[in-house]
Amino acid sequence: MPGLILFGLLIMLPILLTIVYSFFKISFLTNQFDYVGFKNFLKLLHKKDFYNSLQIVLTLTIIAVIFSNLIGIIFAKLFNKNNKIFIVLRVLIFTPFILSPIVVGYTFSSILTDKGILNQFLNFFSITHDISWLGDSKYALISISIALCWQLVAFCTVIYLACLKNIPSELEDAVNIDGANNIQKFRYLDWPLLAPALTINTVVILISSFKLYDRVLALTGGGPGRSTETISMLIIRTAFNENRVGFASSMSLILLILSGITTFVALIYLGKREVTI
Amino acid sequence: MSYKRIIISVLLSMIFLFPLYMIFINSFKFELDIINNPAALPDIYTFKNYLNIFSRSDQLFTKSLLNSVLFTSLSIIFVLILSSTLAFSMYFLSNRVQNIIFIFLLLGLILPTPIILIPVFTILKFFKLNNTVVGLVLFFSAYYLPFGTLVFKGFLKNVPKEMIEASFIDGANFYICYYKIVLPVMKPAAASIIIITGTWVWNDFLNPLILLGPLQGTTVTVGLYRMVGQYSVNFGELFAFMVLISLPVIIAYLFLQKYFIEGLMAGSGK
Amino acid sequence: MFLINKLNKIKYLISILVFISIFPFATNAKDQIELDFMVFETPNLPAEFWDDAIARTVAEFPEYKINKIVPPNVGTMGDYLKQLQATDQFPDVMMSNFAVAEFIEAGLLLPYEDSDLVRFVDPVGLGLTNGKQYALPQLTVVESLMFYNKDMFSKAGISGEPETWEQLEDAAAKLKSNNLTPFIVGGAAGDSWAAAWPLMDLVALNVTGKDKDFLKNLKNGSGDFSNPLMEDSINAYSDLVSKGWTNSTALSLNYSELQQTFLNGDGAMYPMGGFFAGAVPLDHPFEIGVFAIPALDGNSRLVTYTSGGPAVSANTEYPEEARKFAVEFATNVATNADDLFRDAHIPNNKNFDLERDMKGYDIHPLIFEIIEILQTPNYQHVPFFTFEVGDDALVSGMQAEVFANSQEILSGKSTSEIIENLNNKLAELQ
């Protein structure tokens, strides 16, 4: 199985090396390679930037999980009709997901700049006045979540649609005869049957949020200051720009554990839920 | 009722897809028109932005396009071969071994790449493959192997076990069996993997930025990043560049969209 | 046995791949000296400038084959070089407008010989490290300049150019009371260096240019950023923001948008390096003037940067030839002239003659004003903060932190928070 060897060499071995590196002080500039024990992790405990990035990633993850799923379900329910228009819409709705995140980043940066279309629109209707969507640290994170959710909503919608298609029409008829209202119908018919889709979507959202890099780079570059710097950006900055490879590896290890645990817990919890309802 | 639903759906979709419309329409506008009326249709259509991109003195677009085509196609071929054989070989392993492999693959599937980028570079350097297209292709093949394998496994479930066993009794070996029985079933799976991993590899930014570097030329995404970084951004050219590098994936998606979604479902539904 | 068989197959696959990917690039005659040369591109110095400049040198010395490399963003050129170094792609020659000190410290740069420096008016420039020059002092940039909109000044009734910090503040107050935005500052995302510009000037003028021991103390660990001079400098910057004297758009403008904001007449003053003069069109609708940013204590200081020429990698395959190329490139008179015209980079070349060599160019009068400021005798010239070299260099790795914290100043963080951030980073790096 050559695939497995390649996988071991370029994926599993690097994970092992990351663990090893995190106990060393390494610099590519000076070819330094010294064992320092747990010093990197102790330093990490006092690193404000790291907590800051952690908080940013968790906030973005929570926003993305909630909104992408919610809007995804709404879109899916709306478009789940066999009419030519809806078939076209179903195809189009997915296109954001296949664009490169960096393209999405630059697209939204042109929409969200001070004189961009969003502010022109908001000013025209006097809703708000000249909000600096990317330059104000209060709004920068919102802007990033918009760009992130835009792509994830596309994904969620399509997965929910695929799942809705599998709901047998007899079931729907039966519920209609029972005289259930729309909310009841959703609660007792769709929601349980959408459970597998919810699992897939949530896991995909978790994975994309944890490795968030390109979109933020294009939108704010992590700024203003460090107010939108994700963990991935912090790791790359520490490793390549500050040449502290060992320290960066200790952050990587924490991120790996964090994303591993979160994803597996989500998988197991949501997976169980699929069975019980 | 039905009309209301159509109107609401179309309206919502228009808002949702507005950014796409904006990139496309602004790529045909003059700079001033973009800044003053970003949402309107152009007063005068122009292909100047596209012509400028093709006539750049550093050939940023053409060079990065060639590079991206080269390593995207190589990566797809590798992922296809490696993951189909792996999925098929797993068929013959005991359940326990299968599960162990499965867990490792799952770990690879959820792995954020920035975590392993540094050691991956060290390993590629050990094999003297750093900063080469080969190195990047090998990394992509390894990184997307779990996805490919899971999709293939999903499709392989549909092949009755008896069929495979029967062919072995007939004296076929692993490769003949793979060729005769597995490959035909895998066609839709292969289509899914081609379109999905192709899109991912094409769109990737960080890995080529770091693993490939500037000397081998850029990829389309790194080219975009460079274009924005260096210049006073000419928005018209920026939009045109984005349209050009997104067009291949969008066209591929429109033709193969059925496989795209099937693949995603098969890959994620275990 | 089974495993070896498999390994062979992998080797086979790899060699096919190697073959496929090498053949498009497999044209490489070895009789030429091939050098990877990193330049940077800005709106003033676009690709044509570098292509022409390289072509001029190569035309005289056809043995060179130069591969031009461009970093994705000029402000992060140092970061990008570190990334290239970490991934084994450090260029042979690189233009040095980044903080070179940490690269010298890490032994990555090749020192120049004295014979390489004879063509330069001021061979020392930013400074020497252990008696050696590591980056050619190709050009001089005056960094602490304030460009101003003459129309707005007269509209607000400001008669002369401010000569002290108090006069500058008075002028700003007058402008503000006339509903004009006194200062245009900013720099978003990758252009955080632009946001840091006023701070780097203020610190150079009032801290590092005044207290010679400040940087030394940072280095040997006997001092940190909690220093009254430092606090004053940061306060001076953050006051501009808190008094409402700066544009609200500061943190959403990239560098070229920032420059355009001032050129559009959206604000009265623009603190920037002399190179801004290269971006002002001759027929610009309003007249622009320039004066040196005054120091807080009333002394006459001017922040200058004489360096910026090529540096050579310590690991280049052709050390001799790379040095020769660097010197020829930096002292090519036609390139110097083009550089002065486009980017107001004042040549530091003995063979360069302003009148003779600029004949064909329509130079903007602002550039002459800047040369005049540079030649004003009573100014004490101080090095640009974060770009120092030698013993006076800032601790490695601090530059990026200064850049990021300047954005924090613009978004309203307090001086004590900024100093705490800088101190934390300093402690982390030591």
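Protein chains get the first letters and strands the later ones, always in sequence-line order, with residue 1 at the start of each.
The aromatic rings of A:Phe75 and B:Phe16 lie perpendicular to each other, with more than 60° between the two planes, well past the 30° mark.
Interface residue B:Ile110: backbone and side-chain heavy atoms are both found under 4.5 Å from chain A. For A:Leu10, the parts lying under 4.5 angstrom from a heavy atom of chain B are both the backbone and the side chain. Proximity to chain A (any heavy atom under 4.5 Å) is restricted, for B:Phe18, to the side chain, taken from C-beta onward. Residue contact with chain B, scored on non-hydrogen atoms closer than 4.5 Å, involves the backbone and the side chain of A:Ser259 alike. For A:Leu92, the parts sitting under 4.5 Å from any heavy atom of chain B are the backbone and the side chain alike. The contact between A:Ile85 and chain B is made entirely by side chain atoms (from C-beta outward), counting heavy-atom distances below 4.5 Å. Residue B:Leu93 touches chain A through its side chain alone, counting heavy-atom pairs closer than 4.5 Å. When heavy atoms are compared at a cutoff of 4.5 Å, B:Val10 approaches chain A by way of both its backbone and its side chain. Looking at A:Phe121, neither its backbone nor its side chain comes within 4.5 Å of chain B, counting heavy atoms on both sides. With a 4.5 Å cut-off on non-hydrogen atoms, B:Ile34 does not touch chain A at all. Looking at B:Ile250, both its backbone and its side chain come within 4.5 Å of chain A, counting heavy atoms on both sides. Using a 4.5 Å cut-off between heavy atoms, A:Ile236 touches chain B through its side chain atoms alone. Interface residue A:Leu217: only side-chain heavy atoms are found under 4.5 Å from chain B. Only the side chain of B:Thr199 comes within contact range of chain A, judged by heavy atoms closer than 4.5 Å. Residue A:Arg215: no heavy atom, backbone or side chain, is found under 4.5 Å from chain B.
Taking B:Thr221, B:Thr149, B:Leu209 one by one and counting their heavy-atom pairs under 4.5 Å with chain A, the maximum is reached by B:Thr221. Ranking B:Asn26, B:Ile101, B:Leu107, B:Ile210 against chain A, the residue ahead of the rest is B:Ile210, based on heavy-atom pairs under 4.5 Å. Most heavy-atom pairs under 4.5 Å with chain B, from the set A:Ala197, A:Ser232, A:Pro196, A:Ser249: that is A:Ser232. Each of B:Val79, B:Leu17, B:Ile8 has some count of heavy-atom pairs under 4.5 Å with chain A, and the biggest count is that of B:Leu17. Interface summary for chain B: among A:Ser110, A:Ser252, A:Gly116, the most heavy-atom pairs under 4.5 angstrom belong to A:Ser252.
The nearest pair of heavy atoms linking B:Arg5 to A:Leu78 is NE-O, 2.9 Å. Contact detail for A:Ala239 and B:Ile118: the closest heavy-atom pair is CB-CD1, 3.3 Å. Scanning both residues, B:Met242 and A:Thr107, for their nearest heavy atoms gives CE-OG1, 3.6 Å. Taking all atoms of both residues into account, the shortest heavy-atom contact from B:Pro114 to A:Ile235 is O-CG2, 4.1 Å. Summarising the geometry of B:Ser13 relative to A:Phe79, their closest heavy-atom pair is OG-CZ, 3.3 Å, with the distance given to 0.1 Å. The two residues A:Leu17 and B:Pro119 have their closest heavy-atom pair at CB-CB, 3.7 Å.
Atoms CG and OG, from A:Asn83 and B:Ser9 in turn, are 9.5 Å apart once rounded to the nearest 0.5 Å. One distance of note links CD1 of A:Ile111 with CE of B:Met22; it measures 4.0 Å at 0.5 Å rounding. Taken from CG in B:Leu111 to NZ in A:Lys211, the straight-line distance is 8.5 Å, to the nearest 0.5 Å. The distance from the OG atom of A:Ser100 to the CH2 atom of B:Trp200 is 14.0 Å, given to the nearest 0.5 Å. Considering OH of A:Tyr106 and CZ of B:Phe241, their distance stands at 10.5 Å, rounded to 0.5 Å.
Counting heavy atoms from C-beta outward, A:Phe108 and B:Pro19 have side chains that approach closer than 4.5 Å. Inter-residue side-chain proximity for B:Leu82 and A:Pro2 is flagged as met; some heavy-atom pair is nearer than 4.5 Å. Put simply, the side chain of B:Ile6 reaches to within 4.5 Å of the side chain of A:Phe86, judged on heavy atoms. Contact check for A:Leu9 versus B:Phe127: side-chain heavy atoms found under the 4.5 Å cut-off. Between B:Phe139 and A:Ile11, the closest side-chain pair of non-hydrogen atoms falls below 4.5 Å.
No more than 12 heavy atoms of other residues, nucleotides or ligands shown are found within 6.0 angstrom of CZ on B:Phe24. No more than 12 heavy atoms of other residues, nucleotides or ligands shown are found within 6.0 angstrom of CZ on A:Phe67. Remark: A:Lys77 NZ is packed, more than 12 non-hydrogen atoms of other residues, nucleotides or ligands lying under 6.0 Å away.
One N or O on the side chain of B:Tyr253 and one on the backbone of A:Val91 form a donor-acceptor pair closer than 3.5 Å. In terms of modelled atom types and a separation under 3.5 Å, the side chain of B:Asn203 and the main chain of A:Ile98 share a donor-acceptor contact.
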Next item on the list: Take A:Ile102 and B:Leu224 through the side-chain contact (heavy atoms from CB on, under 4.5 Å) test and state the conclusion after the steps.
Entry: CA-CA 8 Å; A:Ile102 195 137; B:Leu224 175 66; 4.0 Å; yes
Notebook entry, point to check: Are B:Ile115 and A:Phe210 close enough, and set up right, to give a side-chain contact (heavy atoms from CB on, under 4.5 Å), and what steps lead you there?
Noted result: CA-CA 11 Å; B:Ile115 290 176; A:Phe210 278 118; over 6 Å; no
Checklist line | ring pair (Phe, Tyr, Trp, His ring centres under 6.0 Å) between B:Phe260 and A:Phe94, intermediate numbers included | finding: CA-CA 10 Å; B:Phe260 210 122; A:Phe94 192 61; 5.1 Å; yes
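Taking the ring centroids of A:Phe7 and B:Tyr143, they lie at or beyond the 6.0 Å cut-off.
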